[in-house]
Amino acid sequence: MSSSSPRLVPVTAENFDAVCAVRVHPRQERLVSPVVKSLAEAYVHGGVAWPRAIVDGDEVVGFVMAFLDIVWNPAGDPSDVRSGIWRLNIAADRQGKGYGRFAVGAVTEELRRRGAERAHVTWEPGEDGPEPFYLGLGFRLTGESSGGQTVGVLDLDRNPDPA
């Protein structure tokens with residue numbers, strides 16, 4: 001990371017193009033949707049989506065989107081309400097510099113502030129996937145699958161700052 005402190009900022013008309021320009025490493029493109037799709041999903045699911053640009057200094061280095069208080073399986077258990085990380089895209093040339101770790105920490109702190117006890121995340125399994133990253137931050141496998149993706153959970157009360 002640069003000498004400035006990274007921060008999460010709302011996606012605005014002023015930073016929209018820079019946020020949409022975030023591209024992950026080509027090996028990861030099959031694992032995560034492009035930012036523009038995430039922003040469309042945030043628009044459609046405005047009540048539960050929390051999209052943010054990851055900015056360092058004046059530069060957009062990534063994108064993260066949380067989901068807030070969704071009923072995980074309405075047909076199976078309408079009382080299972082979850083929040084967590086919906087999408088994380090770090091620009092290919094900015095990976096390995098701590099921005100992903102920062103973003104996960106910032107999102108989990110926001111969830112904690114909102115009263116969540118756990119943070120959930122899903123990811124595409126397989127080579128070049130983010131499983132080691134999330135497990136290294138303290139997420140544990142739930143044994144569940146969602147849309148073919150692996151589900152992880154982090155207990156927020158036991159891990160106050162994964163960043």
Side-chain angles (χ1 to χ4, degrees), residues 1-11 19 22-25 27-35 37-38 41-42 45 48-56 60-73 76-77 79-163:
M1 287 188 273
S2 74
S3 59
S4 64
S5 294
R7 64 199 185 285
L8 299 186
V9 300
V11 177
V19 174
V22 169
R23 298 286 184 271
V24 297
H25 192 281
R27 292 187 320 262
Q28 300 164 330
E29 289 175 348
R30 67 175 179 77
L31 302 169
V32 64
S33 294
V35 173
K37 179 177 183 199
S38 298
E41 289 171 329
H45 301 286
V48 299
W50 194 73
R52 294 294 185 266
I54 306 165
V55 176
D56 194 357
V60 174
V61 297
F63 172 81
V64 65
M65 185 163 71
F67 60 90
L68 306 170
D69 300 327
I70 66 161
V71 177
W72 189 256
N73 181 1
D77 183 0
S79 67
D80 184 7
V81 176
R82 300 182 186 186
S83 297
I85 297 167
W86 187 346
R87 203 66 44 72
L88 178 60
N89 303 60
I90 303 298
D93 63 343
R94 296 294 183 250
Q95 292 183 14
K97 300 177 191 252
Y99 294 117
R101 178 178 289 273
F102 161 76
V104 170
V107 168
T108 56
E109 186 54 39
E110 177 65 19
L111 297 179
R112 189 179 290 107
R113 187 186 71 72
R114 291 171 180 255
E117 295 178 7
R118 286 172 296 285
H120 288 81
V121 64
T122 63
W123 62 81
E124 286 289 333
E127 190 176 345
D128 295 321
E131 184 168 308
F133 169 75
Y134 286 118
L135 295 179
L137 292 178
F139 284 85
R140 67 186 187 325
L141 300 173
T142 65
E144 299 170 289
S145 179
S146 176
Q149 295 189 333
T150 302
V151 180
V153 65
L154 177 70
D155 294 316
L156 297 180
D157 57 335
R158 286 191 264 171
N159 192 354
D161 185 10

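When all heavy atoms of Val22 and Ala91 are compared, the closest pair comes out as CG1-N, 3.8 Å. In plain terms, the two heavy atoms of Trp86 and Ala49 that are nearest each other are CZ3-CB, 3.8 Å. The shortest non-hydrogen separation linking Ser146 to Thr122 is CB-CG2, 4.2 Å. Summarising the geometry of Ala42 relative to Met65, their closest heavy-atom pair is CB-SD, 3.6 Å, with the distance given to 0.1 Å. In this structure, Leu88 and Ala103 approach most closely via the heavy-atom pair CD1-CB, 3.9 Å. Scanning all heavy atoms of the two residues, the minimum distance from Ala53 to Val19 falls at CB-CG2, 3.6 Å.
By the 4.5 Å heavy-atom criterion applied to side chains, His120 and Phe139 are not counted as neighbours. Contact annotation: the side chain of Trp123 approaches that of Val121 to within less than 4.5 Å [non-hydrogen atoms, C-beta and beyond]. Using a 4.5 Å heavy-atom threshold, the side chains of Gln95 and Asp93 count as separate. At least one side-chain heavy atom of Ile54 sits under 4.5 Å from a side-chain heavy atom of Ile90. With contacts defined as side-chain heavy-atom distances shorter than 4.5 Å, the pair Val11/Arg52 does not qualify. The closest side-chain heavy-atom distance from Leu137 to Leu154 is not below 4.5 Å. Contact of the Leu141 side chain with the Leu135 side chain is registered, since non-hydrogen atoms from C-beta on lie closer than 4.5 Å. Looking only at side-chain heavy atoms (C-beta outward), Arg118 and Asp155 come within less than 4.5 Å of each other.
Judged by distance alone, with hydrogens and angles left aside, the side-chain atoms of Thr142 form no donor-acceptor pair with the main-chain N or O of Gly152 at under 3.5 Å. Asn89 contributes a side-chain N or O that, together with a main-chain N or O of Ser33, makes up a donor-acceptor pair within less than 3.5 Å. Checked by atom type and distance alone, the side chain of Arg112 pairs as donor or acceptor with a backbone atom of Leu156 at under 3.5 Å.
Checked for salt-bridge contact, Arg82 and Glu144 meet the test: a charged N lies under 4.0 Å from a carboxylate O. The pair Lys97-Asp56 does not count as a salt bridge, with every side-chain nitrogen at least 4.0 angstrom from each carboxylate oxygen. Arg113 has no carboxylate O lying under 4.0 Å from a charged side-chain N of Glu109, or vice versa, which leaves the two without a salt bridge. Electrostatic pairing of Arg87 and Glu41 counts as a salt bridge here, judged by a charged N lying under 4.0 Å from a carboxylate O.
Of the inter-residue distances, the one linking Leu8 atom CG with Glu110 atom CD reads 9.0 Å to the nearest 0.5 angstrom. Distance CG/Asp69 to OG/Ser83: 4.0 Å, rounded to 0.5 Å.
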Please assess Val32 against Glu124 for the test side-chain contact (heavy atoms from CB on, under 4.5 Å), listing each intermediate value before the final yes or no. CA-CA 8 Å; Val32 64; Glu124 286 289 333; over 6 Å; no
Take Phe67 and Trp50, measure what ring pair (Phe, Tyr, Trp, His ring centres under 6.0 Å) needs, and give me the verdict at the end. CA-CA 6 Å; Phe67 60 90; Trp50 194 73; over 10 Å; no
Kindly determine whether Val104 and Ile85 satisfy side-chain contact (heavy atoms from CB on, under 4.5 Å), including the steps that lead there. CA-CA 8 Å; Val104 170; Ile85 297 167; 3.7 Å; yes
